[in-house]
Each structure stands twice: as structure tokens, then as C-alpha cells.
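Structure, as C-alpha cells:
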Amino acid sequence: MKIRRFLGVATAAAALAVGFTGQAAAATVNHGMFTGDPFGSVVGYSGAGTFTENGDKVGICDTKADGHAVRLHVYTGGVYNTLRYSISVGGKGSCTGKTAGNGGKYNLPENTKIGFLFCRYKDGQDSACNAYNWVNDN
């Protein structure tokens, strides 16, 4: 049962990556993310996300009907440095995202560490967050 649930999350993450990357070039770098796990097993993950360096494509999906939305905070200089923007989505199977094409704060600087804090979200509060840092060099 745990494997089946994990595969569902992995499938959602793969679909999100395909949706945001289209036909990707060989040099495209994709990074996967998951919300924190409040239950102590992979079954507890509530969201899956991706960051594609080429085009600064950031996407998240709510993958579990648990009464929580998911929220992603994007930082320049690494997690907790300078907040660039936040996006959220709720409802199992719901997805959202931003790209450099949205302009302004969504066009992330090149050759810079970009931090992501991916959390479950409910009633204005983040919980069970996972932190990720990657250099946007593609």
C-alpha cells in the first residue's frame, strides 16, 4: 500500500515536470521537491513540485486530500535569505506554477543560489516544511 501511494506522488511529480518543461533539451536541469512528512513515512507527503532551471519554471501540486493546501516560498541566496515570492494551491490534483515568462520577481537571477521552502499550508500557517537549495546556472 505504501508503495502504491508513493507511486501516485511520483506520478504527480512526473506529470508536473512534463507539464512545465514540454519537450526538454538534453541540458535542461529539473529538480524535484516534496512537502515535509508529518506522519513519519512517505505516505504523509501532501505535495510535489519541480524547479526547471531553463526558463525558471516552478510548479507545485497538491497530491493528497488531507484538508491542507501546499505552499512554496522561493528565495534568492538560499532558503530564508531574500523572499522572492510564494505560491500556493489546494485540492488534491490541483497544480499551479510560475515561469520567467511571468516577468519581474518570477525571472530568477542566473548563477545564484535559489532556495525553496515547500510546506503544507492551512489557516495561514505553514507546517511540515522541506528546504531545498540549488544554483540556477542553466
Side-chain angles (χ1 to χ4, degrees):
M1 185 63 117
K2 288 183 182 181
I3 292 173
R4 175 177 279 160
R5 288 183 186 169
F6 175 73
L7 290 176
V9 171
T11 301
L16 181 64
V18 170
F20 277 94
T21 60
Q23 189 171 5
T28 298
V29 178
N30 297 306
H31 303 284
M33 297 177 276
F34 295 94
T35 57
D37 178 6
F39 305 112
S41 69
V42 76
V43 176
Y45 290 113
S46 294
T50 61
F51 169 51
T52 303
E53 292 179 28
N54 189 352
D56 303 336
K57 297 171 185 157
V58 176
I60 59 172
C61 290
D62 186 333
T63 59
K64 191 169 186 178
D66 60 1
H68 287 81
V70 294
R71 181 161 62 173
L72 179 71
H73 304 283
V74 181
Y75 301 84
T76 52
V79 172
Y80 300 119
N81 202 326
T82 302
L83 180 63
R84 189 91 175 181
Y85 66 91
S86 299
I87 56 175
S88 60
V89 67
K92 182 179 180 183
S94 298
C95 300
T96 191
K98 297 293 180 185
T99 71
N102 294 114
K105 62 188 175 184
Y106 306 109
N107 187 4
L108 302 173
E110 300 301 318
N111 300 311
T112 301
K113 185 188 291 184
I114 306 296
F116 301 89
L117 188 64
F118 196 19
C119 307
R120 291 164 39 99
Y121 179 71
K122 186 173 183 175
D123 299 330
Q125 297 292 320
D126 290 332
S127 64
C129 300
N130 274 338
Y132 301 86
N133 289 288
W134 292 293
V135 174
N136 188 25
D137 58 0
N138 188 357

- Below 4.5 Å, heavy atoms only, C-beta onward: do D137 and E53 meet side chain to side chain? yes
- Query: Is the backbone of G91 close enough, under 3.5 Å, to the side chain of D62 for a donor and an acceptor to pair up by distance?
  - Reply: yes
- Hey, quick one: are F118 and V89 part of the same hydrophobic cluster, counting side-chain heavy atoms closer than 4.5 Å, chains of contacts allowed? yes
- Task: Measure from the side-chain N and O atoms of R71 to the backbone N and O of L117, and report whether any donor-acceptor pair falls under 3.5 Å.
- Result: no
- Query: Looking at Y106, does the NZ or CZ of K98 lie under 6.0 angstrom from its six-membered ring centre and within 45 degrees of the ring axis?
  - Reply: yes
- Look at the rings of W134 and F116 and say which category their plane angle falls in: under 30° parallel, 30 to 60° tilted, over 60° perpendicular. tilted
- Item | Any donor-acceptor pair under 3.5 Å from N130 side chain to T35 backbone | yes
- Message: Just verifying a value: how many Å separate S86 OG and K105 NZ, rounded to the nearest 0.5 Å?
- Response: 8.0 Å
- Message: Hydrophobic cluster membership, with links at side-chain heavy-atom distances under 4.5 Å among I/L/V/M/F/W/Y: are Y121 and M33 in one?
- Response: no
- Task: Following the transitive rule for hydrophobic clusters with a side-chain heavy-atom cut-off under 4.5 Å over Ile, Leu, Val, Met, Phe, Trp and Tyr, establish whether L72 and V79 coincide in one cluster.
- Result: no
- Note on the structure: When T112, N54, D56 are each screened for side chain to side chain donor-acceptor pair (under 3.5 Å) with N136, the one that passes is D56
- Query: Would you say P109 and I114 make side-chain contact, with heavy atoms under 4.5 Å?
  - Reply: yes
- Message: Please say yes or no: joined through hydrophobic side-chain contacts below 4.5 Å, possibly via intermediate residues, are L83 and Y80 part of one cluster?
- Response: yes
- Query: Got a donor-acceptor contact below 3.5 angstrom from the D123 side chain to the Q125 backbone?
  - Reply: no
- Message: Given 3.5 Å as the limit, does a donor-acceptor pair link the side chain of N81 with the main chain of Y75, or not?
- Response: no
- Message: What I'd like to find out is whether the side chain of L108 reaches to under 4.5 Å of the side chain of Y85, using heavy atoms alone.
- Response: yes
- Message: When you measure from the side chain of T63 to the backbone of S46, do you find a donor-acceptor pair of N or O atoms at a distance under 3.5 Å?
- Response: yes
